[in-house]
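Read the structure below first, then the notes.
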Amino acid sequence: MITVERLSKRYGRHTAVDDVSFRCEPGTVTGFLGPNGAGKSTTMRMICGFTPPSGGTATVNNVDYRQLPNPGRQVGLLLDAGAQHPGRTGRETLTLSARIMGVPRRRVDECLDQVGLNAVAAKRRVRAYSLGMRQRLGLAQALLGDPRVLILDEPANGLDPEGIYWMRGLLRDFADRGGTVLLSSHLLREVEAVADRLVVIGAGRVVAQGSKDELLAGAGALVRARDPEALRAALDRAGLPVRSSTDGGLLVGAEPGAVGQAAADSGVALLELRPAESAGLEQIFLSLTAGDSVREAVK
Ligand SMILES: Nc1ncnc2c1ncn2[C@@H]1O[C@H](COP(=O)(O)OP(=O)(O)OP(=O)(O)O)[C@@H](O)[C@H]1O
C-alpha cells in the first residue's frame, strides 16, 4: 500500500507539487497521469525519499520509505531507466543489485527471462541498449527483490506497441496476485487499459481521481449538431451541464437520452450523439489539464 498525504514541493517560488493526496491499495494498478511537468516524477521521488517534501507525508506499507530496512525487497522502483551504469552488462547490473539486496543469484535469470531480455542482450553493455531495453532492464531490477509494491515512472517510454502490451500483462498479473502498482504516464491510452484507479495531476495539483469505472461513468454524453450554438442554448435551457467542447462537439454531464430529448424539444438537429465512455475520460484529461502537451498526450 502507498499512502500520500498532502504532499507539496516548492522550488523557490515555483510549486511543483501542491497538496497531493491519494492511496494505492494492494491488488490494484493506479495510473498516475498528467502532462509533462505536471509533478508526477517529483511526487514519486518524494514517496521514495529521494526528494525531501516541502510539506506532507508519504508511506509505503505504512512506513516512511527511508525507514525500510531493505527497501528493494518491499518496493520495486523504476524512476529513471537512463540512470543505469552504461559500462555494465545487463546481467552485471542485476547481479550487483541481487548481491546488495541479498537475493539468490537465480533471481537474476528469472527476472531477465520475465522481462524478455535474452542471453545475448544480457551480455551486452547497457550503453548499447535501446531505451526500450533499458526499460526492460529497469523493470527486471525493480522485480528482483520480489517486492509487493512497484513504483514506475513512465515505464512505457521507448517500448514498442508489443512491449507496451507485454508490460500491461506483467503489471496486471502482479496486481492480481495482490501487489500494489503505481505507474505514471503522460499518455492516457497507455494506462487506461491496465489501471483500476486513476490519479490525474495538472500543474502540481490533483484534478481528478477515482476508479476508472467511476471516472468513465461520470463521462456523460458526446453530442454534435450542425448548429453548435443552438445546441448549447438547448442544453442550457434544459439545465444540462456542458463540461467542455471539442471541434464543434459538446461533452455533456448527462445521459444521452436526456441530451437527445433536450435537442428535440428545441428542434435542434443532431449529427452525433453517443455515451462519452473513453472519450469522456479523454475529455476529463483534456479539459482538466488543458494545454498543448495534453492534446498530444491523448493521441
Ligand atoms: N530539481 C528541480 N529544481 C527546480 N524545478 C524542478 C526540479 N525538479 C522538477 N522541477 C519542476 O517541477 C515541475 C514538475 O516536474 P516533474 O518532473 O515532477 O513533472 P512530471 O509530471 O514528472 O513531468 P515529466 O514527465 O516531464 O518529468 C516542473 O515544472 C519542473 O520544471
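Residue indices begin at 1 and follow the sequence shown. Remember, it's 1-based here, ligands and their atoms both numbered in the order they're listed. Since the model is a prediction, treat every value here as computed from it, not as a measurement.
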Close-contact set for ligand 1 against [X] heavy atoms, below 4.0 Å:
X: Asn36; answer: 23 (O), 25 (O), 26 (O)
X: Thr42; answer: 9 (C), 14 (C), 15 (O), 16 (P), 18 (O)
X: Ala38; answer: 19 (O), 20 (P), 21 (O), 23 (O)
X: Lys40; answer: 18 (O), 19 (O), 20 (P), 21 (O), 22 (O), 23 (O), 25 (O)

- Is Glu162 paired with Arg136 through a side-chain N to carboxylate O contact shorter than 4.0 Å?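 Salt bridge present between Arg136 and Glu162.
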- Salt bridge between Asp227 and Arg232, side-chain N to carboxylate O under 4.0 Å? no
- Message: Checking contacts here: is it the side chain or the backbone of Lys9 that comes within 4.0 Å of ligand 1, counting heavy atoms only? Could be both or neither.
- Response: neither
- Task: Tell me which part of Pro35 gets within contact of ligand 1: side chain, backbone, both or neither, using heavy atoms under 4.0 Å.
- Result: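 For Pro35, the contact with ligand 1 is made by the backbone alone.
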- Message: Main chain of Glu192, side chain of Lys212: is a donor-acceptor contact present, judged purely on distance under 3.5 Å?
- Response: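 Checked: pair present.
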- Message: Between Gln135 and Asn157 (side chain of the first, backbone of the second, donor and acceptor by atom type, cut-off under 3.5 Å), is there such a pair?
- Response: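 Present.
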- Task: Please state whether the rings of Phe50 and Tyr65 are parallel, tilted or perpendicular, taking 30° and 60° as the class boundaries.
- Result: perpendicular
At what distance is the nearest protein heavy atom to [atom], and which residue and atom is it?
atom: atom 9 (C) of ligand 1; value: Tyr11 CE1, 3.7 Å
atom: atom 24 (P) of ligand 1; value: Gly37 N, 3.6 Å
atom: atom 31 (O) of ligand 1; value: His14 NE2, 4.9 Å

- Could you walk me through whether Thr95 and Arg105 pass side-chain contact (heavy atoms from CB on, under 4.5 Å), step by step? CA-CA 7 Å; Thr95 304; Arg105 287 274 302 257; 3.7 Å; yes
- Option with minimal heavy-atom separation from atom 19 (O) of ligand 1, where the choices are Ser41, Ala16, Gly39: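 Checking each option, the heavy atom nearest atom 19 (O) of ligand 1 is found in Gly39.
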Can you find a heavy atom in the side chain of [X] that is under 4.5 Å from one in the side chain of [Y]?
X: Thr59; Y: Ile2; result: no
X: Leu251; Y: Val242; result: no
X: Met46; Y: Pro52; result: no

Residue-ligand contact [X]/ligand 1, heavy atom below 4.0 Å:
X: Gly34; result: no
X: Gly12; result: no
X: Met44; result: no

- Task: Scan the protein's non-hydrogen atoms and note whether one is under 4.0 Å from atom 4 (C) of ligand 1.
- Result: yes
